[in-house]
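This report refers to the structure that appears directly beneath it.
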Amino acid sequence: MQLFPLREIANELPFFKTVDDREKLLGVIGALVLRRISLSKASEIMGMERERFLGLLDGMKLGYSYLEDQDVEVEKKW
C-alpha cells in the first residue's frame, strides 16, 4: 500500500504517538513558518501549553519569530 508523502514524513517523526498527531504537527509548523498563526494558536491546536510547544520546536531545531501586528489580523480570520 502506497502512503501519501506527508504521511511518510510523519511516520519518521519521533514525536507523538499517532500519525494523525504527527501530520497535525507538520501542518501547524507550516502555518507558523508561513506566519498564518501565532505560537499560542499553534499550541492550542496541538493541545499543549505554549512553553511546552516552544520547547518542542527548540528540540526540533526550528527557529521561531513572533507575529507582527498585521499578522494577528490574518490569524483572526483563520
Side-chain angles (χ1 to χ4, degrees):
M1 181 167 92
Q2 179 73 18
L3 293 176
F4 295 106
L6 186 59
R7 188 157 290 241
E8 290 176 7
I9 294 168
N11 276 329
E12 295 175 10
L13 294 175
F15 311 103
F16 300 105
K17 292 181 181 178
T18 68
V19 175
D20 289 341
D21 283 341
R22 293 175 192 152
E23 286 180 339
K24 183 168 50 170
L25 176 63
L26 291 175
V28 166
I29 290 171
L32 275 172
V33 169
L34 294 172
R35 302 176 64 98
R36 303 299 293 176
I37 60 173
S38 66
L39 180 64
S40 294
K41 185 68 169 182
S43 302
E44 177 185 326
I45 292 169
M46 291 308 300
M48 300 173 73
E49 293 179 5
R50 196 171 74 110
E51 292 77 20
R52 185 169 169 234
F53 185 72
L54 189 56
L56 175 64
L57 293 178
D58 188 49
M60 295 172 71
K61 307 280 191 251
L62 292 173
Y64 175 76
S65 66
Y66 290 90
L67 296 176
E68 296 175 9
D69 290 337
Q70 68 265 20
D71 298 326
V72 173
E73 293 303 316
V74 172
E75 180 183 328
K76 288 179 184 177
K77 297 175 189 175
W78 205 65

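FYI, the numbering just counts along the sequence from 1.
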(message) Using 0.5 Å steps for rounding, measure from the CG atom of L56 to the CE atom of M48.
(response) 5.0 Å

(message) Assess the residue pair L32 and L62 against the criterion (side chain to side chain contact (heavy atoms under 4.5 Å, CB included)); give the C-alpha distance rounded to whole Å, side-chain angles, the decisive distance to 0.1 Å, and a yes or no.
(response) CA-CA 11 Å; L32 275 172; L62 292 173; over 6 Å; no

(request) Using the test side-chain contact (heavy atoms from CB on, under 4.5 Å), find all partners of E44 that sit at least two apart in sequence or belong to another chain. (result) K41

(request) Mind listing the closest non-hydrogen atom pair of V28 and M46 along with its distance? (result) CG2-SD, 3.8 Å

(request) Measure the spacing between CG of L26 and CG of D21 and express it to the nearest 0.5 Å. (result) 11.0 Å

(message) Just so I know, are the side chains of F53 and D58 near enough to count as touching, which here means a heavy-atom distance under 4.5 Å?
(response) no

(message) Could you check whether any side-chain heavy atom of L25 comes within less than 4.5 Å of a side-chain heavy atom of M60, counting everything from C-beta outward?
(response) yes

(request) Specify the closest pair of heavy atoms between R50 and S40, including all atoms of both residues, with the distance to one decimal. (result) CD-OG, 3.2 Å

(message) As an exercise, state the distance from OG of S43 to CZ of R52, rounded to the nearest 0.5 Å.
(response) 10.0 Å

(message) Can you confirm whether L57 sits close enough to I29 that some side-chain heavy atom of one is under 4.5 Å from a side-chain heavy atom of the other?
(response) yes

